[in-house]
Amino acid sequence: MPELPEVENLARGLTARILGATIMDIRCHFPAVVRPDADCFADAIRGRTIDKLRRHGKYLFFLLDGDVAFALHLRMTGQLLLVPGDQRVDRHTHLEILLADRKSKIVYRDVRKFGRLELLNSGVEQFVQVKKLGIDALSISAGHLFELFQKTSRTIKAALLDQRVIAGLGNIYTDEILFREGISPLRKAASLKLEQVASLRLTIRAVLRSAVRRKGTTISDYVDDQGQEGSFQKALLVYSRAGEPCRRCGTPIIKQQVAGRGTYSCPLCQRA
DNA sequence: ACTATCCCCTGACGGC
DNA sequence: TGCCGTCAGGGGATAG
């Protein structure tokens, strides 16, 4: 499932390859992936030039000339690929964005069809506000995170997964971060002291940056714009390792439901 | 304002 | 082999 590192990796790859390209036309094969609707989306971006890409949390923004922009969210199984303009697409490809000058196209694939491409009404800041997105996980300060934790009665796992609290963390990285920090996913977020939140913030940054360096985590579907898989799955310490020995103490990793998500942790290393 | 639950959707997987 | 039920999950909607 694409989280911040995967979206960042995608943004970096695409930036190098599509900036300055002009959108010639759009082919939509499954209208529900596009908001507000396929015609509206196509009419707005056709003929526009891709000026810049921006990421906030798990959203990737395409900024076009004329103050036109759209947002992409890959959800669970979304993929954005840059391929030759004449390449055939399969039944999971829902949108093709044909580029004018480079004989290539951006294609959106999504097996589960959860992802969305959404035309922005106004700027990125407005979009972030409407979606109530929190500060990006790589930008948030310890003091701010501490304040947000103080305001909730939820578990740390639920708080970290909540995109309104901190934007960019999903189920995989949340579990990895909490393990590395030795914090139980069931612990109340408000019980963390400021220095513990400061340490947690450093671990959030370290894990995310390491994952970006390794070009993301490929568990099932994630690939970058060139179809390349990431390698951070080799560095996972708890996620999807139920029953296997903890790398630190040897105790079997457990899986339990926390905040409605399958959650992996070491019962010994993450006791509080 | 909070939590719990359902929904979307398909492929993987277990049981028979 | 094949059929069927269950599970996975980000975020939006809805109910309590």
Side-chain angles (χ1 to χ4, degrees), chain A residues 1-8 10 28-38 55-61 70-80 89-95 108-121 127-134 136-137 147-178 185-191 208 211 216-223 229 233 236 238-243 253-265:
Chain A
M1 60 208 89
E3 306 178 27
L4 185 151
E6 290 73 36
V7 181
E8 176 67 23
L10 186 64
C28 184
H29 310 291
F30 185 75
V33 302
V34 179
R35 298 286 168 86
D37 64 70
R55 182 194 58 73
H56 185 106
K58 304 177 197 174
Y59 282 93
L60 181 58
F61 299 97
F70 64 90
L72 166 72
H73 197 302
L74 299 169
R75 295 285 184 95
M76 302 298 298
T77 55
Q79 300 175 338
L80 204 63
V89 299
D90 69 357
R91 71 190 191 92
H92 296 304
T93 297
H94 310 308
L95 189 78
Y108 181 66
R109 284 188 83 242
D110 191 346
V111 168
R112 293 191 193 168
K113 301 176 178 172
F114 282 1
R116 294 288 178 266
L117 292 107
E118 188 170 346
L119 196 63
L120 266 60
N121 293 319
F127 181 88
V128 166
Q129 202 172 359
V130 168
K131 297 285 185 184
K132 298 179 166 50
L133 295 179
D136 188 82
E147 281 177 30
L148 293 167
F149 285 171
Q150 289 295 109
K151 291 196 299 189
T152 182
S153 60
R154 308 154 82 190
T155 61
I156 185 69
K157 168 99 180 190
L160 290 177
L161 282 177
D162 189 341
Q163 302 301 299
R164 296 168 300 182
V165 172
I166 177 172
L169 299 179
N171 205 33
I172 296 173
Y173 292 110
T174 299
D175 282 4
E176 292 299 313
I177 287 161
L178 290 176
L186 289 166
R187 181 159 172 184
K188 296 291 185 183
S191 75
L208 294 179
T217 300
T218 300
I219 295 283
S220 58
D221 295 272
Y222 172 73
V223 291
E229 298 185 350
Q233 64 276 9
L236 296 178
V238 284
Y239 188 82
S240 82
R241 297 191 62 243
I253 298 299
I254 59 169
K255 181 183 184 184
Q256 59 189 329
Q257 289 290 117
V258 182
R261 298 282 174 262
T263 300
Y264 301 87
S265 63

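Letters go in sequence order (proteins before strands), and every chain restarts at 1.
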Are the ring of A/Phe114 and the base ring of C/dG10 both nearer than 5.5 Å at their centres and tilted by less than 30°?
yes
Paired with A/Gln79, the side chain to side chain contact (heavy atoms under 4.5 Å, CB included) test is passed by just one of A/Val111, A/Val223, A/Leu74, namely A/Val223
Please work out if A/Gly262 contacts a base, only the sugar-phosphate, or nothing of the nucleic acid, heavy-atom cut-off 4.0 Å.
sugar-phosphate
Can you check whether A/Gln163 has a side-chain N or O nearer than 4.0 Å to OP1 or OP2 of C/dG10?
no
Respond yes when some side-chain nitrogen or oxygen of A/Lys113 is under 4.0 Å from OP1 or OP2 of B/dT10, and no when none is.
yes
Can A/Arg109 and A/Asp221 be counted as an ion pair, charged N to O under 4.0 angstrom?
no
Rounded to the nearest Å, what distance is computed from the CG atom of residue A/Leu161 to the C1' atom of nucleotide B/dC2?
16 Å
Quick check on B/dT3: is either OP1 or OP2 less than 4.0 Å from any side-chain nitrogen or oxygen of A/Arg154?
yes
When you check the phosphate oxygens OP1 and OP2 of B/dC9, does a side-chain N or O of A/His92 lie under 4.0 Å from one of them?
no
Which atom names give the shortest non-hydrogen contact between A/Ile253 and A/Arg241, and what distance separates them?
CB-O, 3.4 Å
A/Lys131 charged N/C atom sitting above A/Tyr59 aromatic ring, 6.0 Å / 45°:
no
Whole angstrom is fine here: how far is it from CZ in A/Arg75 over to C1' in B/dT10?
15 Å
Between A/Phe127 and A/Phe61, how do the two ring planes meet: parallel, tilted or perpendicular, split at 30° and 60°?
perpendicular
Length of the CE-P vector between A/Met76 and C/dG11, whole Å
10 Å
Is A/Lys255 near enough to C/dA8 that one of its side-chain N or O atoms lies under 4.0 angstrom from OP1 or OP2?
yes
Specify the residues of residues 164-172 of chain A, ordered by number, for which at least one heavy atom lies under 4.0 angstrom from an atom of DNA chain C.
A/Asn171
Can you tell me if A/Gln256 has over 12 outside heavy atoms packed within less than 6.0 Å of its CD?
yes
Under 4.0 Å from OP1 or OP2 of C/dG11: is there any side-chain N or O of A/Lys132 that close?
no
Test salt bridge (charged side-chain N to carboxylate O under 4.0 Å, His left out) on A/Arg75 and A/Asp110 and set out the steps.
CA-CA 9 Å; A/Arg75 295 285 184 95; A/Asp110 191 346; over 6 Å; no
At less than 4.0 Å, is any side-chain N or O atom of A/Arg35 found next to OP1 or OP2 of C/dG11? Yes or no.
no
Does A/Arg261 place a side-chain N or O at less than 4.0 Å from the phosphate oxygens OP1/OP2 of C/dG10?
yes
So, under a plain 3.5 Å distance rule, would you say the side chain of A/Arg112 forms a donor-acceptor pair with the base of C/dG9?
yes
Over 60° means perpendicular and under 30° means parallel, so tell me whether A/Tyr264 and A/Tyr239 are parallel, tilted or perpendicular.
perpendicular
Using the C1' atoms of five pairs at each end, what's the angle between the two axes of the helix from B/dC2-C/dG16 to B/dC16-C/dG2, to 10 degrees?
50°
So, does A/His92 use its side chain to make a donor-acceptor pair with the main chain of A/Lys113 at under 3.5 Å?
no
When the distance from CD of A/Glu3 to C1' of C/dG10 is rounded to whole Å, what number comes out?
10 Å
Any side-chain donor-acceptor pair under 3.5 Å between A/Asn171 and A/Thr174?
no
Given salt bridge (charged side-chain N to carboxylate O under 4.0 Å, His left out), test A/Arg55 with A/Asp136 step by step and report yes or no.
CA-CA 9 Å; A/Arg55 182 194 58 73; A/Asp136 188 82; 2.6 Å; yes
Phosphate-side-chain proximity, A/Tyr239 and C/dA8, N/O vs OP1/OP2 below 4.0 Å
no
Could you tell me how far apart A/Lys151 (NZ) and B/dT3 (P) are, to the nearest whole angstrom?
13 Å
Specify the separation, in whole Å, of atom CG of A/Leu117 and atom C1' of C/dG10.
16 Å
Take atom CD of A/Gln257 and atom P of B/dT5, then tell me their distance rounded to the nearest Å.
11 Å
Choose from B/dG11, C/dG12, B/dT3 the nucleotide whose nearest atom is closest to any side-chain atom of A/Arg91.
B/dG11
In whole Å, what is the span from the CZ atom of A/Phe127 to the P atom of C/dG11?
11 Å
